[in-house]
Amino acid sequence: QGAMSFTFTDDESTTGISYGALTGVSETLGTTMVNYEESTQAGDYLFAARADIEGMADAHKLIFRSEPGKFSIFNWPQNYVGIDEVPTALLGVQNRLYAWSDKAMYVIDPFNLIVEDRIPGKGVSSRDAVMNFNNTVVFANKTGVYTFQGQVVELSSAIKNEYTDIVKNIGNAFKIRLAHNPKHDSIMLFFDNLGTASLDKVPTDVFVYTMKNKRWDRWRLPSKVKSV
């Protein structure tokens, strides 16, 4: 049998697409992963908050944006937006990013990473207290239940006294949970305890708001709700 030989020529004058141009991320970036506690989707991006990034001391106050359609790849040194406090919740609705701290609500342009508005006094304590209800932002805190469609509108005016009395009776050790009731297409609001100190004070009452009829009802469940 005859021998076969091959000749290879390395043409260094021919260049291809760089890694940065191909992925949108610098090839010198050590990692494209972000460890985070809170996230949401807005547009074709994933937004992540309360992140832990080595060498970035204020990362916990920043909201990082992934590459478009690549939710696990973050060019984190460049694509982020900062708010004044640590984010407690994120929500993407109708191509807008909404963020909350325990003190304020933020409206953010997810494409240009610009804070368009900060609304003080409308913060929430956790992710459970915000929801997308039929493309409407709904959120709740100790002062009431609200929607946002260009401006904040209070939904809970009709139950203000009842709501305030429950909050005062429970004290500080509780959190609010919102859920969608598909059968009645309504918003359900539960109270949950944060520890044994408030266990006996958290009511089994559930406030239910039907958006179509603009009506509040108060249900009483046989036991405390721990998951919705």
Side-chain angles (χ1 to χ4, degrees), residues 14-119 122-141 148-149 175-180 182 192 194 226-228:
T14 302
T15 59
I17 301 175
S18 69
Y19 178 83
L22 187 64
T23 65
V25 179
S26 171
E27 61 187 73
T28 62
L29 187 63
T31 179
T32 59
M33 296 293 293
V34 170
N35 296 319
Y36 56 86
E37 296 179 7
E38 172 66 6
S39 67
T40 194
Q41 181 180 349
D44 198 25
Y45 302 96
L46 183 74
F47 289 85
R50 300 204 302 279
D52 181 16
I53 298 177
E54 186 177 355
M56 195 175 233
D58 58 350
H60 60 294
K61 287 187 178 182
L62 303 178
I63 301 169
F64 296 91
R65 187 183 72 186
S66 75
E67 291 301 295
K70 302 173 182 176
F71 290 2
S72 63
I73 299 178
F74 291 81
N75 187 2
W76 53 264
Q78 294 185 20
N79 296 329
Y80 63 84
V81 58
I83 64 174
D84 296 340
E85 304 91 22
V86 177
T88 55
L90 299 177
L91 187 67
V93 179
Q94 297 285 76
N95 286 324
R96 272 295 170 272
L97 174 65
Y98 300 89
W100 287 264
S101 69
D102 58 357
K103 296 180 180 179
M105 174 184 180
Y106 294 82
V107 183
I108 299 170
D109 177 346
F111 305 103
N112 296 306
L113 296 176
I114 297 173
V115 175
E116 297 178 328
D117 198 5
R118 179 183 186 272
I119 307 168
K122 293 298 181 285
V124 302
S125 60
S126 76
R127 177 66 178 82
D128 295 318
V130 307
M131 69 180 297
N132 177 354
F133 181 79
N134 297 335
N135 289 325
T136 298
V137 177
V138 180
F139 63 100
N141 58 27
F148 183 87
Q149 297 183 77
K175 66 179 178 179
I176 295 168
R177 295 180 182 271
L178 294 177
H180 178 219
D192 186 19
L194 287 178
K226 298 304 297 177
S227 178
V228 291

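All values derive from a computational prediction rather than experimental measurement.
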Just how far is it from atom [atom1] of [X] to atom [atom2] of [Y], taken to the nearest 0.5 Å?
X: Asp58; Y: Ile53; atom1: CG; atom2: CD1; answer: 9.5 Å
X: Asp192; Y: Ile176; atom1: CG; atom2: CD1; answer: 11.0 Å
X: Tyr80; Y: Ile63; atom1: OH; atom2: CD1; answer: 12.5 Å
X: Leu91; Y: Glu38; atom1: CG; atom2: CD; answer: 9.0 Å

Any idea which heavy atoms bring [X] and [Y] closest together, and the distance?
X: Arg118; Y: Asp84; result: NE-OD2, 3.3 Å
X: Ala51; Y: Ala59; result: O-CB, 3.7 Å
X: Leu62; Y: Gly82; result: CD2-CA, 3.6 Å
X: Ala99; Y: Leu90; result: CB-CD2, 3.6 Å

Residue pair [X] / [Y], side-chain heavy-atom distance below 4.5 Å:
X: Leu46; Y: Phe64; answer: no
X: Gln41; Y: Phe71; answer: yes
X: Pro68; Y: Asp44; answer: yes
X: Glu85; Y: His60; answer: no
X: Ile108; Y: Arg96; answer: no
X: Asp128; Y: Lys175; answer: yes

Short question: side chain of [X], backbone of [Y] - any donor-acceptor pair under 3.5 Å?
X: Thr88; Y: Val124; value: yes
X: Asn132; Y: Asn135; value: yes
X: Arg177; Y: Ala129; value: no
X: Asn141; Y: Gly123; value: yes
X: Asp52; Y: Asn35; value: no
X: Ser66; Y: Tyr45; value: no
X: Arg65; Y: Phe111; value: yes

>> What verdict does the side-chain contact (heavy atoms from CB on, under 4.5 Å) test give for Lys122 and Lys103, after you've listed the backbone C-alpha separation in whole Å, the side-chain angles of each residue and the deciding distance to 0.1 Å?
In response: CA-CA 6 Å; Lys122 293 298 181 285; Lys103 296 180 180 179; over 6 Å; no

> What's the verdict on side-chain contact (heavy atoms from CB on, under 4.5 Å) for Met131 and His180, showing C-alpha distance, side-chain angles and the deciding distance?
Replying inline: CA-CA 8 Å; Met131 69 180 297; His180 178 219; 3.8 Å; yes

>> Assess the residue pair Phe133 and Leu178 against the criterion (side-chain contact (heavy atoms from CB on, under 4.5 Å)); give the C-alpha distance rounded to whole Å, side-chain angles, the decisive distance to 0.1 Å, and a yes or no.
In response: CA-CA 10 Å; Phe133 181 79; Leu178 294 177; over 6 Å; no

>> Using the ring centroid of each side chain, check whether Phe148 and Tyr98 are separated by less than 6.0 Å.
In response: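 They qualify: ring centres under 6.0 Å apart.
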
>> Is the distance between the ring centroids of Trp100 and Phe139 under 6.0 Å?
In response: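 Yes, they do, as the ring centres are separated by less than 6.0 Å.
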
>> Before you tell me yes or no, could you show the steps for Val81 and Val115 under side-chain contact (heavy atoms from CB on, under 4.5 Å), namely the whole-Å CA-CA distance, both residues' side-chain angles and the distance that decides it to 0.1 Å?
In response: CA-CA 8 Å; Val81 58; Val115 175; 3.7 Å; yes

> In terms of side-chain heavy atoms, does Asn79 have a donor or acceptor partner in Glu67 at a distance below 3.5 Å?
Replying inline: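 Result is yes, a qualifying pair exists.
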
>> Could you go through Glu37 and Arg127, starting from their C-alpha distance and side-chain angles, then the distance that decides it, and tell me whether this counts as salt bridge (Lys or Arg N to Asp or Glu O under 4.0 Å)?
In response: CA-CA 10 Å; Glu37 296 179 7; Arg127 177 66 178 82; over 6 Å; no

